[in-house]
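Report on the following structure.
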Protein chains: 2
Amino acid sequence: MLETTIAAIRAADEAAMAAARELHGRLTKPAGSLGALEELSVRLAGLAGVCPPPLPEPAAVAIFAGDHGVHAQGVSPWPQEVTAQMIGNFLAGGAVVNAFARQAGASVTVVDVGVATPLPTDPAVLDPAVLDPAVLDPAVLDPAVPRLVVASVRQGTRDLTVTAALTRDEALAAVQTGIRIADELIDAGAGILLTGDMGIGNTTPAAVLIAAFTGADPLDTTGRGTGVDDPTYAHKVAVVRAALARHTPDPADPLGVLAAVGGLEHAALAGLILGAAARRTPVLLDGVIAVSAALAAAAFAPAAVDAMVAGHRSAEPGATVALRHLGLDPLIDLGLRLGEGTGALLALPVVTGAVRVLHEVATFDSAGVAEK
Amino acid sequence: MLETTIAAIRAADEAAMAAARELHGRLTKPAGSLGALEELSVRLAGLAGVCPPPLPEPAAVAIFAGDHGVHAQGVSPWPQEVTAQMIGNFLAGGAVVNAFARQAGASVTVVDVGVATPLPTDPAVLDPAVLDPAVLDPAVLDPAVPRLVVASVRQGTRDLTVTAALTRDEALAAVQTGIRIADELIDAGAGILLTGDMGIGNTTPAAVLIAAFTGADPLDTTGRGTGVDDPTYAHKVAVVRAALARHTPDPADPLGVLAAVGGLEHAALAGLILGAAARRTPVLLDGVIAVSAALAAAAFAPAAVDAMVAGHRSAEPGATVALRHLGLDPLIDLGLRLGEGTGALLALPVVTGAVRVLHEVATFDSAGVAEK
């Protein structure tokens, strides 16, 4: 399945990109006056292979949730149970990602790929009906009903300071879950996928992944996550450095890297990105977890970058290192560091607006407006 | 009317701001993880005087259009007729501002405060019905029907390199039109106003205004507008410098500055901002024309800044100079330089999202999520 997906990923269509550039020159606005939105719309035309590309609607957020053996090393001030508790919050519609998704009209699919503690079972919080791994059904994209898919590979990764976080088979299973979710959402009609994540401790494996794929120093890839103090930060950098020294991950073997030092949500996100790229559907990246997974996706298939849109620049320094390596400029830069898909959702109207211009704006000729 | 409006503008409510900060600490997200959105929501609570502040809905864009005597100096490559032609495009729904407004659910009101050439009269483009200066009527906020208000002070300003662009009475009339439009839109139910502008040549008076109010050098306040070549750019800077030397505008006399070196749309936008501030309604600023008008509004009433949200950082360098002087950080920075209100519209979902968090996100306590 992974090989088939990778084989389906093709480079952008140059003819559609040229058509989009030419159309921009005829629309009733000074050439270039929409700045980065113009090049974004050109990239999306290249991805779709047609100008104008389809409006990226409806939007679907996929939040992959997992826990991390490295949590035992004290890299986060939050208890591990918060991962499962926040899944309850997502399903009840109470998290920031829900508020932003309702506003944007985006659906929310939560995928348990490896949560360590029991999911909330309070029926007021979690209707058993939504536990049913939903099949192709329009309700999959209903923005009013967050959905849970249980596809747990194992209950949290192993501690990457002691051993490989995952076996290759476990990492592959998570990647394939991501591909499957991308296919499901696109089959249900999604026009754009947004990456989301939840996992207490998951900025530590993200920092290791970014260092492994870019060669950057752990000091530049490690941040304060949800908020660690100075001694914990120094310890976190040491943990990242020790993980790299122990596993010496080979960036030419992305599955090996994900297995040695990744997380189940990172691996699944890499799969989601590959799945979207194979279907020529844009995938809007959230923060540091998303871009660490995007590095893995690009290592599997360099042309997958053509399907990626960087939603925002996370306050986590590793995000900037990863975005630079991918050659992507983020749309929003407001110091967010929440995850969940929140930064991607804030950027969604910018993406839609960029495409909408190619559909709806009059030309100088049709509007009777003189040119310079 | 101007004096009454200025007298009604009060500083932000500290108690509401403190309540918003306290609420942020209880919501299910790490403290500070929403970056600039948290402080934005706090500012809007202070403006409204209540926590949470009302959702900024519905949104209304007001596009003030005018022409400029300085166009005769060759500061723009576009013919002056384009101002009137673009009004036709706005009313027909064919401009970028219309595409973005439809997406955001925002209404569009076009106000002729001083267009030099005849407005389009082709009934296919301009329905005479919309020429009726609309009164308080829910249709005023209908996103599907752009509306035209004719409130022309004079058919374009005088050439500011030769004489004052406007008399004080003319500048005052335009400011009062802006206040009246703010009142109309807010009376009709608007929860946020967005600034828009149209006027071939209007970046030249904006550059003079920004230099006058901030003391910055014309080289730092003058940009390439809709796209001028190197010789035209050098000439434009010289024109800005000559205007400052001729009029020596006094920033303590904002009406005098607007009259000497402003434009009718700049003056009307200053009025719109003051009108919004007096009604404790947020006003989302677009690009360089908007922020030059915002400097005038702040000179009339320093507390008006509390009502301002900077939508984006225009590619025009003067915008950055003005934003720094106002102490405002823009929400979007994507190299746009179109005007019309397009940058403000792109930022609108960020503003709404920031407020929505305070309304809809669960607390740690209510969601049963552990704290660190």
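Below, chains carry the letters A, B, ... as their sequence lines are ordered, and counting in each starts from 1.
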Are more than 12 heavy atoms from other residues, nucleotides or ligands located less than 6.0 Å from atom CG of A:Asp229?
yes

Can you measure from [atom1] ([X]) to [atom2] ([Y]) and round to the nearest 0.5 angstrom?
{"X": "B:Ile332", "Y": "A:Leu331", "atom1": "CD1", "atom2": "CG", "result": "8.0 Å"}
{"X": "B:Asp329", "Y": "A:Leu334", "atom1": "CG", "atom2": "CG", "result": "9.5 Å"}
{"X": "B:Phe364", "Y": "A:Asn89", "atom1": "CZ", "atom2": "CG", "result": "9.0 Å"}

Check each atom of [X] against the heavy atoms of chain B and say whether the ones under 4.5 Å are side chain, backbone, both or neither.
{"X": "A:Pro349", "value": "both"}
{"X": "A:Leu34", "value": "both"}
{"X": "A:Ala31", "value": "backbone"}
{"X": "A:Phe90", "value": "neither"}

Can you confirm whether B:Val96 sits close enough to A:Leu27 that some side-chain heavy atom of one is under 4.5 Å from a side-chain heavy atom of the other?
no

I want to check something: taking the side chain as every heavy atom from C-beta on, are A:Leu336 and B:Ser33 in contact at a cut-off of under 4.5 Å?
no

Heavy-atom closest pair, residues A:Glu340 and B:Thr28
OE2-O, 4.5 Å

Most chain A-contacting option - heavy-atom pairs closer than 4.5 Å, from [options]:
{"options": "B:Gly343, B:Gly93, B:Ala36, B:Ala370", "answer": "B:Ala370"}
{"options": "B:Gly335, B:Gly225, B:Ala315", "answer": "B:Gly335"}
{"options": "B:Glu360, B:His359, B:Glu81, B:Glu371", "answer": "B:Glu360"}
{"options": "B:Ala104, B:Gly94, B:Gly35", "answer": "B:Gly94"}
{"options": "B:Gly353, B:Pro79, B:Gly339", "answer": "B:Gly353"}

Determine, stepwise, if the pair A:Phe100 / B:Val361 fulfils side-chain contact (heavy atoms from CB on, under 4.5 Å).
CA-CA 10 Å; A:Phe100 287 179; B:Val361 173; over 6 Å; no

Counting heavy-atom pairs under 4.5 Å with chain B, which one of A:Ala347, A:Ser314, A:Pro77 comes out on top?
A:Pro77

Given side-chain contact (heavy atoms from CB on, under 4.5 Å), test B:Asp333 with A:Asp333 step by step and report yes or no.
CA-CA 8 Å; B:Asp333 187 357; A:Asp333 187 358; over 6 Å; no

side-chain contact (heavy atoms from CB on, under 4.5 Å) filter on A:Thr352, not counting sequence neighbours, yields A:Leu55, A:Pro56, A:Glu57, A:Leu348, A:Arg356, B:Gln103

Cut-off 4.5 Å, heavy atoms of chain A, and the answer for B:Ile200 is neither

